[in-house]
Every structure is written in structure tokens, then in C-alpha cells.
Amino acid sequence: MKQKIATIGSHSALQILRGAKDEGFETIVVTTPRNAKVYHAFGVADQFIELENYADFASIDARLVKENAIIVPHGSFNAYVSKADYDSLKTPVFGSKAILEWETDRLKQREWLEKSQLRVPKNFHSAGDIDRPTIVKYYGARGGKGYFFAKNEKEFEAGVEKSGRSPLIIQEYIVGVPFYIHYFHSALTGETEIMSMDKRYETNVDSLGRIPLKHQEDIDIDPSFVVVGNLPIVMRESMLAESLEMAERLVSASKKIAGPKGLYGPFCLETIITPEEEMYVIEVSARIVAGTNAFIPDSPYTALRYSKPVSTGRRIAMEIKQAIEENKLGSVLD
Ligand code: AMP
Ligand code: AMP
């Protein structure tokens, strides 16, 4: 194949590049000089393009076009490449550009989730309306940095004062367990697959249970949700049908809001499941999420479906390869 698979060296690049090589593609990693050693060490990249700053990603666009590269985007693209630069890339990307603004704009995302008839936590429009425990979130605070809790207007105002920023969303705090469900929607077959599931390891909220409450009160810890790792999980089997239906509704609504191609490729529903077995969706990611890294080379779900080890990274390469073979690249690239 003359096409090469390229991505930024961070987030989920190891499995994207490994999966591409397993399917017979040559691979390119775009990385900082410091991170290059990771991709050397694991032997997943055939070519290295070094960039000091990922914000300058657009400066290597022409070179990637010349290399016949296809970019597989992941969380570092959202975090470091501006939307204007990303939208204007000439190098084809695997994933819908039109759906991205429905992911990154939290108000639009909410509209998309509601159009998909998914259960979402209540949002409070004004701090005066807070009548239950809430989690207060910031624009662009990806990874949960700076979120705080507030049970009432007074706590809300104290939190805002402490952070010195103006928050965007005051959201009902759902008491339950998190499940991040990873999916893949094939534009070639129209099928949505469950790939794997993880829960995040967030510091310091995941460590609070290790300190007795009595001492927590003494040392005044503010819970924080910064993600630093991921743990694999599987779901009670009788809940899988609902998980699939939720994703199917999300894909079908995406075609109404973002054009006929809609959402395709890997995506994730971040859910919290309550003791009543109600699944609340707190966020959608319209691309590969890093929780899939816990499933190299495969997951319990992909092991059931495929006769070879298939990670989400490899599933992406399989889709691109099939599109090349069927002369349908236009259906899976933006
Ligand atoms: P990085 O390249 O590691 O800075 O990550 C890019 C973006 O993806 C950041 O917004 C991170 O918060 C997010 N991210 C990175 N790793 C993970 C992970 N293991 N789980 C969830 N989100 C992640
Ligand atoms: P987010 O940035 O929306 O992905 O949220 C980061 C983390 O905050 C999640 O992984 C959850 O642990 C927590 N979280 C966010 N929203 C809620 C909610 N409505 N109820 C309970 N926990 C939440």
C-alpha cells in the first residue's frame, strides 16, 4: 500500500502505529525530540518527524501529503492543534471533522446527547438553582483539572473565588461507578461494535478512600479528576444491549447534525452507572480514547468477535485497508 499511517507521538500513538504495522502499513510518528525515544523503544514507527511544539503541526502538512500519509487523530490533536489548523490540513484524516465541533463545544455536545435520547445529568443554569450535589466544570478543562464540588450557591461561589476562573457548567453529581465504553462505527458496513471498556485512574479523587475520613478533614484535600492511567473493566452482560443501542442512537443522531457521513471510526461514551442500573452519559469523545491502551493487543470483546488480536488501533488500520481494497477511501477519510 502506498498510503502511510501518521500520528502525533502521545496519547494512543503506540497502538495506532502498532496496529497499522500489523495490517501492513508503513508508519510515521510526529514527535518531540524527547518523546521520540518511546517510539524508538517500542519499534512502532518507520519514520520520525520531530516537532518541538505540536501547535506547529500544520507546518508539516505539505510533507505528510508528499508521503501519502493518512493522519489518525487522537486526544493530543484536540489538546494541542488549533481547530483552524486541524480543519485546514490537506493531509487526509481518519475521522469526521464536522462532528468535532459537536464534541468540543460542551453546549453543542449536550444537544447531540439529548438528540440521541441518552440519559444525561441535570445542568443548572444558575448557581441559585443548585438543590443537590453538583460538579462544576470549566471550558477546555480536559482531563478534569480544576473541577470542584458544590452543594449550594455558597459553596459554588467559594469554589469560583478559589479558582479565579468563571465556570461553564454546573452539573448534577451522579453517584455511581464510571464506565468508559469504547466503540467503533464502520462507515463501510454500517455496524457499530463494542471494542472495550475502562475506568480512569484519577488523581487525587481515586486516592481519597486510602485516607481515613478523620484525616481527610484535617488536611483539607480538594478532590481533583486529573487522569493519569486507565484500568480495564467488563460490564455485566445483560447491560450490553443497552450499551450498543446507546451508541447506535448517537451515530444516527450524528448524521442529522453533522452531515450524511456523521460519526465514524472509534468513539467513546463516558458513563456513570447508578445503583438503579441507570446509565448516565457525562461525555462523548468522537475519536480514539486513551483508555483503549489497556487493550493491546485485544480486549475480551474483540477476542470474541475476531480470530486475530484486534486493538482499536488495529481496527482503524483494518478499516482503512478495507476502504483501499474496495476503492472507498472517500467514505472513511475527511
Ligand atoms: P497528552 O498527549 O498525554 O497530553 O494527552 C492529550 C489529551 O488526552 C489530554 O487532554 C489528556 O487529558 C488526554 N489524555 C491523555 N491520556 C489519557 C488517558 N490515559 N485517559 C484519558 N484521557 C487522556
Ligand atoms: P469530564 O471532563 O467530563 O470527562 O469529567 C472528568 C471526571 O469527572 C470524570 O471521569 C468523572 O470522574 C467526573 N465527573 C464528571 N462529570 C460527573 C458527573 N456529572 N457526576 C459524577 N462524576 C462526574
Side-chain angles (χ1 to χ4, degrees), residues 7-16 29-32 34-35 38-39 51 53-55 57 73-81 103-107 109-110 113 118-124 130 132-151 167-182 196-209 222-233 266-275 278-296 312:
T7 197
I8 288 180
S10 196
H11 191 271
S12 47
L14 285 170
Q15 62 159 309
I16 290 170
V29 69
V30 180
T31 178
T32 59
R34 178 167 179 232
N35 281 344
V38 175
Y39 303 91
L51 254 192
N53 192 341
Y54 296 137
F57 190 83
H74 52 60
S76 304
F77 284 80
N78 298 35
Y80 309 118
V81 183
E103 181 206 273
T104 46
D105 178 329
R106 287 203 186 248
L107 299 175
Q109 179 175 127
R110 176 89 178 183
L113 294 176
L118 296 172
R119 192 181 286 111
V120 288
K122 181 177 164 65
N123 279 351
F124 293 91
I130 299 177
R132 64 192 84 179
T134 62
I135 178 166
V136 182
K137 307 186 182 187
Y138 291 91
Y139 237 142
R142 303 201 70 87
K145 202 166 187 159
Y147 292 1
F148 65 89
F149 295 103
K151 289 192 300 296
L168 180 78
I169 294 171
I170 308 170
Q171 188 166 83
E172 168 186 19
Y173 187 82
I174 306 296
V175 181
V177 288
F179 266 84
Y180 290 70
I181 312 174
H182 319 142
S196 46
M197 301 174 194
D198 78 294
K199 63 181 256 184
R200 289 179 177 176
Y201 208 33
E202 295 168 339
T203 185
N204 56 14
V205 73
D206 282 323
S207 74
L208 290 182
D222 278 325
S224 160
F225 293 87
V226 176
V227 58
V228 289
N230 306 78
L231 306 164
I233 40 176
F267 64 99
C268 171
L269 282 177
E270 307 183 357
T271 71
I272 302 204
I273 309 184
T274 67
E278 288 181 329
M279 296 171 79
Y280 281 85
V281 175
I282 56 169
E283 204 170 317
V284 49
S285 295
R287 48 165 172 85
I288 186 170
V289 292
T292 57
N293 289 339
F295 302 99
I296 310 169
T312 292

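Counting convention: from 1, in listed order, for ligands and their atoms alike.
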**Study point:** Within reach of ligand 1, part of Arg200 (heavy-atom separation under 4.0 Å)
**Key:** side chain
Revision key, fill the gap. Per-atom filter on ligand 1: closer than 4.0 angstrom to a heavy atom of Ser76 are 1 (P), 2 (O), 5 (O), 6 (C)
Exercise for review: Look at ligand 2 and say whether Tyr180 reaches it with a heavy atom at a distance under 4.0 Å.
Suggested key: yes
Point to revise | Contact check: Ile174 vs ligand 2, nitrogen or oxygen atoms, below 3.5 angstrom | key: yes
Study note, to complete from the structure: Note: Val205, heavy atoms under 4.0 Å from ligand 2, region reported as neither
**Study point:** Which segment of Tyr280 sits under 4.0 Å of ligand 2 when only heavy atoms are counted
**Key:** neither
Review point. Within 45° of the ring axis of Phe149 and under 6.0 Å from its six-membered ring centre, is that where the NZ or CZ of Lys151 lies?
Key: no
Check your understanding: Backbone N or O of Val175 within a donor-acceptor pair of the Tyr280 side chain at under 3.5 Å?
Key -> no
Review point. Are more than 12 heavy atoms from other residues, nucleotides or ligands located less than 6.0 Å from atom CZ of Arg132?
Key: yes
Review point. Can Pro178 be said to touch ligand 2, with heavy atoms closer than 4.0 Å?
Key: no
Check your understanding: Counting distance only, does the side-chain N/O of Ser12 pair as donor-acceptor with the main-chain N or O of Asn293 below 3.5 Å?
Key -> no
Review point. Hey, is Phe149 touching ligand 2 through its side chain, its backbone, both or neither, going by heavy atoms under 4.0 Å?
Key: neither
Check your understanding: Measuring from the heavy atoms of Gln109, does anything fall under 4.0 Å of ligand 2?
Key -> no
Exercise for review: Pick whichever of Lys137, Arg106, Glu172 has a heavy atom sitting closest to atom 16 (N) of ligand 2.
Suggested key: Lys137
Exercise for review: For the pair His74 and His11, name the ring-plane relationship: parallel under 30°, tilted 30 to 60°, perpendicular over 60°.
Suggested key: parallel
Check your understanding: atom 2 (O) of ligand 1: which of Gly229, Ala79, Ser10, Ala290 has the nearest heavy atom?
Key -> Ser10
Check your understanding: Any donor-acceptor pair under 3.5 Å linking the side chain of Glu103 with the backbone of Ser285?
Key -> no
**Study point:** Expected output: side-chain Glu172 to main-chain Lys122 donor-acceptor under 3.5 Å
**Key:** yes
